[in-house]
Amino acid sequence: MDISSANSLSYEDFVDTFGNVVEKNPLVAAAIWSHRPFANLSELEARIVEFIDKLPESGKEGILRCHPDLAGRDLQRGTLTRDSQDEQSQAGMASLTPEETARMYRLNTEYKRRFGFPFIICAKMNNKAAILRKLSERSGNDLAKERECAIDEVKKISSLRLRNLVLPDTQHKL
Ligand SMILES: NC(=O)NC1=NC(=O)NC1=O
């Protein structure tokens, strides 16, 4: 759909469409609906970013906790959302060796124990090697820095999901 179609959606259809742009957080779509009509895709995205940035730390951590582990229980059980399934598969998470799966589980467990939320990275912008490397690297961050790093990754994931739903702004031909 294009941005004018998105602007014309009923509240229910808007949340049905955009409710998982931020993984398992339909509140974000429900909240930004008030800002329609959106001039373009960029404004819609900016409203999502603005909503996330204005959350208190506890709210940001709540968003992070709604994300499934990479190569974790939900992937093993087939209970990922379609978006996450697509993203994780594309990054090779569904074809890890048993050793790689065990390493991801161990690193994810240590990371969650340290930070209190799961390791999050935009899977579509990374591959298996990059994910493992960044998981190790970021584990050394302090809480505040890592929270912002994870939120930045949520914004990248959301941006890609949004572009799957709404046609980019039509470039005005000069
Ligand atoms: N913990 C995660 O990073 N999860 C995910 N990243 C994605 O890009 N999709 C996910 O499900």
Side-chain angles (χ1 to χ4, degrees), residues 15-30 32 41-42 44-49 51-53 55 57-166 168:
V15 174
D16 280 351
T17 302
F18 297 104
N20 203 53
V21 164
V22 178
E23 179 74 2
K24 296 187 179 173
N25 276 272
L27 167 65
V28 180
I32 66 163
L41 175 59
S42 302
L44 173 51
E45 182 173 358
R47 289 296 186 180
I48 291 172
V49 168
F51 180 87
I52 293 172
D53 285 344
L55 289 172
E57 290 173 1
S58 60
K60 289 177 179 172
E61 292 185 2
I63 281 190
L64 299 177
R65 293 184 188 119
C66 290
H67 283 69
D69 283 356
L70 288 164
R73 187 194 59 185
D74 284 324
L75 179 69
Q76 312 301 334
R77 293 179 178 174
T79 53
L80 288 174
T81 59
R82 189 178 328 148
D83 294 306
S84 284
Q85 179 65 49
D86 170 50
E87 291 150 357
Q88 294 207 27
S89 303
Q90 190 269 338
M93 294 295 104
S95 55
L96 298 181
T97 64
E99 295 75 22
E100 289 169 330
T101 300
R103 184 164 174 236
M104 278 295 292
Y105 178 78
R106 179 171 50 77
L107 290 170
N108 270 323
T109 302
E110 287 167 16
Y111 179 101
K112 275 191 279 190
R113 183 184 49 73
R114 176 170 163 71
F115 295 112
F117 46 78
F119 174 73
I120 296 172
I121 193 166
C122 183
K124 284 205 165 182
M125 294 181 182
N126 289 277
N127 57 28
K128 178 168 65 176
I131 288 171
L132 281 162
R133 185 177 73 253
K134 291 176 182 177
L135 175 43
S136 299
E137 287 168 3
R138 285 172 43 191
S139 292
N141 286 337
D142 64 33
L143 175 58
K145 174 162 173 46
E146 185 51 24
R147 184 190 302 119
E148 283 314 304
C149 196
I151 285 291
D152 284 345
E153 292 301 313
V154 169
K155 291 173 183 175
K156 293 174 190 171
I157 295 167
S158 302
S159 180
L160 295 182
R161 291 184 180 186
L162 209 45
R163 275 156 179 69
N164 263 342
L165 293 167
V166 180

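Counting convention: from 1, in listed order, for ligands and their atoms alike.
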Say whether [X], considering both its backbone and side-chain N or O atoms, lies within less than 3.5 Å of an N or O atom on ligand 1.
{"X": "Cys122", "value": "no"}
{"X": "Ile121", "value": "yes"}
{"X": "Glu87", "value": "yes"}

#### Entry: Closest protein heavy atom to atom 5 (C) of ligand 1, given as residue, atom name and distance to 0.1 Å
Leu70 CD2, 3.8 Å
### Task
Could you check atom 4 (N) of ligand 1 against the protein and tell me its nearest heavy-atom contact, residue, atom and distance included?
Pro68 O, 3.3 Å
Taking only heavy atoms of [X], which atoms of ligand 1 are found under 4.0 Å from at least one of them?
{"X": "Ile157", "result": "6 (N), 7 (C), 8 (O)"}
{"X": "Ser84", "result": "10 (C), 11 (O)"}
{"X": "Phe119", "result": "1 (N), 2 (C), 3 (O)"}

### Query
Do any heavy atoms of His67 fall under 4.0 Å from ligand 1?
no
Any side-chain donor near an acceptor of the partner, [X] and [Y], under 3.5 Å:
{"X": "Ser139", "Y": "Glu110", "answer": "no"}
{"X": "Arg113", "Y": "Thr109", "answer": "no"}
{"X": "Asn20", "Y": "Asp83", "answer": "yes"}

### Residue pair Arg103, Thr97: steps toward the side chain to side chain donor-acceptor pair (under 3.5 Å) verdict
CA-CA 10 Å; Arg103 184 164 174 236; Thr97 64; over 6 Å; no
Before accepting this row, confirm whether a basic side-chain N of the pair [X]/[Y] lies closer than 4.0 Å to the acidic partner's carboxylate O.
{"X": "Asp86", "Y": "Arg161", "value": "no"}
{"X": "Glu153", "Y": "Lys156", "value": "yes"}
{"X": "Glu148", "Y": "Lys60", "value": "yes"}

#### Entry: ligand 1 contact on Ile120 by region, counting heavy-atom pairs under 4.0 Å
both
#### Entry: ligand 1 versus Glu23: contacting region, heavy-atom distance under 4.0 Å
neither
### Query
Among Ala123, Ala91, Ala71, which residue places a heavy atom closest to atom 8 (O) of ligand 1?
Ala123
### Query
Relative to each other, are the rings of Phe117 and Phe115 parallel, tilted or perpendicular (30° and 60° limits)?
parallel
